[in-house]
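One structure is given here, and the rest of the page talks about it.
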Amino acid sequence: MLLWLVAALTAGTLAPPGPVGTTGRQGDFTTAAREFGVPESVLLGVSYLESRWDANGGRPSVAGGYGPMHLVDARAAAPSGPLHPQGDARGDDSRPMGPLPEIRPEPSAERRAPADTLRQAGRLAGLAPDTLRRDPAANIRAGAALLASYQAAPSSDPADWYAAVARYSGADDQAAGRAFADEVYAVLREGASRVTDDGFTVRLDPQPGLRPEDAGEPAGTGALRGSDASQGPAAPPPAAGGAECPPTLSCEWMPAAYERFGKRKNRDYGNHDRMIQARPIDYIVIHDTEGSYAGVPSMVRNPRYVSWHYTIRSADGHVAQHVPTRDIAWHSGNWDVNSRSIGIEHEGYLAKGTWYTEAMYRSSAALVKYLAARYRIPIDRAHILGHDNVPGSTPKSVAGMHEDPGPYWDWAHYFELMGHPLTPPRNTSGSSVIIRPAYTVNLAYFNGCAATDSSRRCAPRGASTVWLRTAPNPDAPLVTDRGKHRGRPATYSVYDHSARASTGQRYAVAGRQGDWTAIWYLGQRAWFYNPASNPSAVAARGPLVTPIRRNVKVYGRAYPERSAYRGTRPERLVPLQYRISPGQLYALGDTFTGTHISADSFDPARHVITRGRLRYHQIQLGHRVMFVKADDVRVIR
């Protein structure tokens, strides 16, 4: 081994180790960059956009990418579909959807399988695939070899590596590759520093004046996959002329079906509702697909299935828009929320051991920031919701509401990318707290990640949620959710949010005892561990509401009063199972008058928007937001 090393150094095929003192993950990048002639900053930038330099415990992303360099094992990529099974995603009493069809991916989806860069990189570096999956240093070395193989001519100037970086993305079209490379170079200009999920400090110094040399189409790619003219003409774009995205993103228009399919002329249609009148848009709802991006076209193009506005691809952050934002997609299981929201799916799983890539986080953050500015949506956790924060619309729908994107979605990082970090100003004190555990070290216990054994413990990994208990004691039972479990105890299942609070959510403080803090949650005190040495929440200010009478009703929809409806059947205002009483306090997220959109006809000219006078407060009642009538509570500023 020593003779081989001496010979390699003499021949110049292996660079000497990095500077003395450069160790750990940072040293791995330094050594690999020197060995393969890649500028260290470029190698760090590519890895950051793929994984933020994390090892992710040797688990693959949904695209099948392993390690800090996201080397893709095509065999480990998520299957093409179907996406997560939906209940009645439309969530409208007046027009229940019924059972959904089983969707098979289009044949073309199978042809777009990801390239197997894990084995390609392994051959270049002389390393076995299993080593690249489990050894971060080997993964970085092989990733450097792969990146160097894409470079047309040796160069120490980071600006010369744009085309190679674009090709490294694995994007199936030139625009997506360019968008990935643009984000990498944005990281190089900004710089970055963080502690990885396995405890290493890594730093990329900013290069503010760096502007890449755009060499056109990434070298050696030829006609990139997906650009074949034989696929037929492009689908018609939204009325605005192209996908509704910020110019920095790679976006395509992949339209959802809007077709009749049954005997009832105006009611058998799908899979969204077109709008002529302007609708209020108060929320952006974050989902994960529970399947691969390759299966998306088959689903959105089936009028009997459901719909959402956008999908974001894991490997490179590419965005597809399916429904114009002015129209109503069927995505959240609650018609009131659907009619006032935009739904974004992210390629990934909430619990199957995969992870969300940085490229996807950054594309999603840029898209949400753009949409929030366009529709004047506040960028906070009262308006940027997970599907797991959407309330059931009626008592019978509460238990079946979805739980994505799950506890492994890094809300704190997501809001940082949008320029709205979930940390209040210094010296803030108040009667509420914002949940904010340190994601990488918050190794919360969950079970149910293994499809074959629901009781098996999930592998330890960072999470964005905290457990809530009936007393300030780690052995105390979890709090109960009468709507989710009908009085039975909550579970530790990764799919069960009924006794958890999530990063960014604000709750009223209900008590403190030692290292424990209580919040008001579903009509009860709920305790979570919050030591000063490693806090799980930060002090916050904000308006609260408290009931002015006992057993105040809570609703999953904010519909108008009955007398407001004209030309359409009034909707019943059905309360949920929960009640709140004086002495309890809940964070106020928004106040508005009730609206309802009657959209049960293929002809959008027949849709009716009813605007009432009945005022509601949106509150953080449990893990999900819910609504109370303004006349039933008092606001405390």
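Excluded from the calculations below are hydrogen atoms, water molecules and symmetry mates; all remaining heavy atoms, backbone and side chain alike, are included. Because the structure is predicted, anything quoted here is derived from the model rather than measured.
Checked by atom type and distance alone, the side chain of N271 never pairs as donor or acceptor with a backbone atom of S307 at under 3.5 Å. Judged by distance alone, with hydrogens and angles left aside, the side-chain atoms of N389 form a donor-acceptor pair with the main-chain N or O of H623 at under 3.5 Å. In this structure, Q620 contributes its side chain and G622 its backbone to a donor-acceptor pair below 3.5 Å. Put simply, the side chain of Y310 never gets that close to the backbone of S364: no donor and acceptor are under 3.5 Å apart. At least one donor-acceptor pair closer than 3.5 Å links the side chain of Q26 to the backbone N or O of R203. Side chain of S47 to backbone of L44: no donor-acceptor contact under 3.5 angstrom is found. Counting only distance, with no hydrogens or angles, the side chain of N442 and the backbone of P437 share no donor-acceptor pair below 3.5 Å. Checking side-chain atoms of S314 against main-chain N and O of E347 turns up no donor-acceptor pair under 3.5 Å. In this structure a side-chain-to-backbone donor-acceptor pair under 3.5 Å is missing from H318 to I312. Side-chain N or O atoms of S169 include one that pairs as donor or acceptor with a backbone N or O of A166 at under 3.5 Å.
Listed here is the closest heavy atom pair of A55 and D197: N-OD1, 3.1 Å. For the residue pair A63 and V72, the shortest heavy atom distance occurs at O-CG1, 3.4 Å. Here the closest non-hydrogen pair linking A537 and V433 is CB-CB, 4.1 Å. Shortest non-hydrogen contact noted between A89 and W330 is CB-O, 3.6 Å. Nearest heavy-atom pair across P405 and W411 is CG-CZ2, 4.2 Å. Closest heavy-atom contact between G448 and C458: N-SG, 4.0 Å.
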Inset, instruction - Start with the C-alpha distance between Q207 and S41, add both sets of side-chain angles, then the distance that settles side chain to side chain donor-acceptor pair (under 3.5 Å), and finish with yes or no. - result: CA-CA 9 Å; Q207 303 176 61; S41 61; 3.1 Å; yes
Inset, instruction - Dump the intermediate steps for side chain to side chain donor-acceptor pair (under 3.5 Å) on D182 and Y162, then the final yes or no. - result: CA-CA 8 Å; D182 288 343; Y162 183 90; 2.8 Å; yes
Legend entry - Q618 and Y283: CA distance, side-chain angles, deciding distance, side chain to side chain donor-acceptor pair (under 3.5 Å) verdict: CA-CA 12 Å; Q618 175 188 316; Y283 307 111; 2.5 Å; yes
Inset, instruction - Apply side chain to side chain donor-acceptor pair (under 3.5 Å) to the pair T325 and E244, showing each step before the final yes or no. - result: CA-CA 8 Å; T325 57; E244 300 167 273; 2.8 Å; yes
Inset, instruction - Decide ring-ring contact (aromatic ring centres under 6.0 Å, His included) for W409 and H346; before the verdict, give the C-alpha distance in whole Å, the side-chain angles of both, and the deciding distance to 0.1 Å. - result: CA-CA 11 Å; W409 181 265; H346 298 77; 4.8 Å; yes
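Of the listed residues (V285, V625, I377), just one forms a side-chain contact (heavy atoms from CB on, under 4.5 Å) with H383, and that residue is I377. For the side-chain contact (heavy atoms from CB on, under 4.5 Å) with Y349, the qualifying choice from T354, D404, T289 is T354, the only one to do so.
Residues passing the ring-ring contact (aromatic ring centres under 6.0 Å, His included) test with Y445, sequence neighbours excluded: Y492. Judged as a salt bridge (charged side-chain N to carboxylate O under 4.0 Å, His left out), and not counting sequence neighbours, D388 has no contacts. Applying the side-chain contact (heavy atoms from CB on, under 4.5 Å) rule to A373 yields no partners; only residues at least two apart in sequence or on another chain are considered. Judged as a side chain to side chain donor-acceptor pair (under 3.5 Å), and not counting sequence neighbours, the contacts of R133 are D73. Every residue meeting the side chain to side chain donor-acceptor pair (under 3.5 Å) condition with Y356, not counting sequence neighbours, appears here in chain and number order: D288. Every residue meeting the ring-ring contact (aromatic ring centres under 6.0 Å, His included) condition with F446, not counting sequence neighbours, appears here in chain and number order: Y408, W467. Qualifying side-chain contact (heavy atoms from CB on, under 4.5 Å) partners for A599, counting only residues two or more places apart in sequence or in other chains: R90, D273, W335, I597, H607. For A320, the side-chain contact (heavy atoms from CB on, under 4.5 Å) criterion is met by E252, M254, Y293, H322, not counting sequence neighbours. Checked against side chain to side chain donor-acceptor pair (under 3.5 Å), R52 has the following partners two or more places apart in sequence or in another chain: H413. Every residue two or more places apart in sequence or in another chain that forms a side chain to side chain donor-acceptor pair (under 3.5 Å) with R506 is listed here: S432. For V538, the side-chain contact (heavy atoms from CB on, under 4.5 Å) test picks out P424, I434, R436, with sequence neighbours left out.
The residues E50 and R362 are annotated as not salt-bridged, no charged nitrogen and carboxylate oxygen being separated by less than 4.0 angstrom. The pair R624-E403 meets the salt-bridge criterion, since a charged nitrogen lies less than 4.0 angstrom from a carboxylate oxygen. The existence of a salt bridge linking D327 and R279 is excluded, since no basic side-chain nitrogen approaches an acidic carboxylate oxygen closer than 4.0 Å.
The side chain to side chain donor-acceptor pair (under 3.5 Å) contacts involving residues 55-69 comprise S61-H70, where partners must be two or more places apart or lie in separate chains.
Proximity of E290 to L350: side-chain heavy atoms (C-beta onward) are separated by under 4.5 Å at one or more points. In this structure, I286 and V368 have side chains that are in contact, with non-hydrogen atoms separated by less than 4.5 Å. The side-chain heavy atoms of N334 and P391, taken from C-beta on, include a pair separated by under 4.5 Å. Proximity of S502 to I435: side-chain heavy atoms (C-beta onward) are nowhere separated by under 4.5 Å.
Using modelled atom types and a 3.5 Å distance limit, the side chains of Q505 and Y507 yield a donor-acceptor pair. Judged by distance alone, the side chains of N338 and S332 do bring a donor and an acceptor atom under 3.5 Å apart. Donor-acceptor pairing under 3.5 Å is lacking for the side chains of H420 and D380.
Separating the CD atom in E190 from the CG atom in L210 is a distance of 12.0 Å, to the nearest 0.5 Å. The line from OH of Y48 to CZ of F29 is 12.0 Å long, rounded to the nearest 0.5 Å. Atoms OG and CD1, on S341 and I281 in that order, are 8.0 Å from each other to the nearest 0.5 Å. Going from atom CD1 of I379 over to atom OH of Y414 covers 9.5 Å, rounded to the nearest 0.5 Å. Atom CZ of residue R376 and atom CG of residue L371 lie 15.0 Å apart, to the nearest 0.5 angstrom. The CG atom of L132 sits 5.0 Å away from atom CG of L118, with the distance rounded to the nearest 0.5 Å.
In R189, the CZ atom is crowded: over 12 heavy atoms of neighbouring residues, nucleotides or ligands sit closer than 6.0 Å.
The cationic atom of R340 (NZ for Lys, CZ for Arg) lies less than 6.0 Å from the six-membered ring centre of F592 and within 45° of the ring axis. R25 forms no cation-pi arrangement with W53, by the criterion of a distance under 6.0 Å to the ring centre and an angle within 45° of the ring axis.
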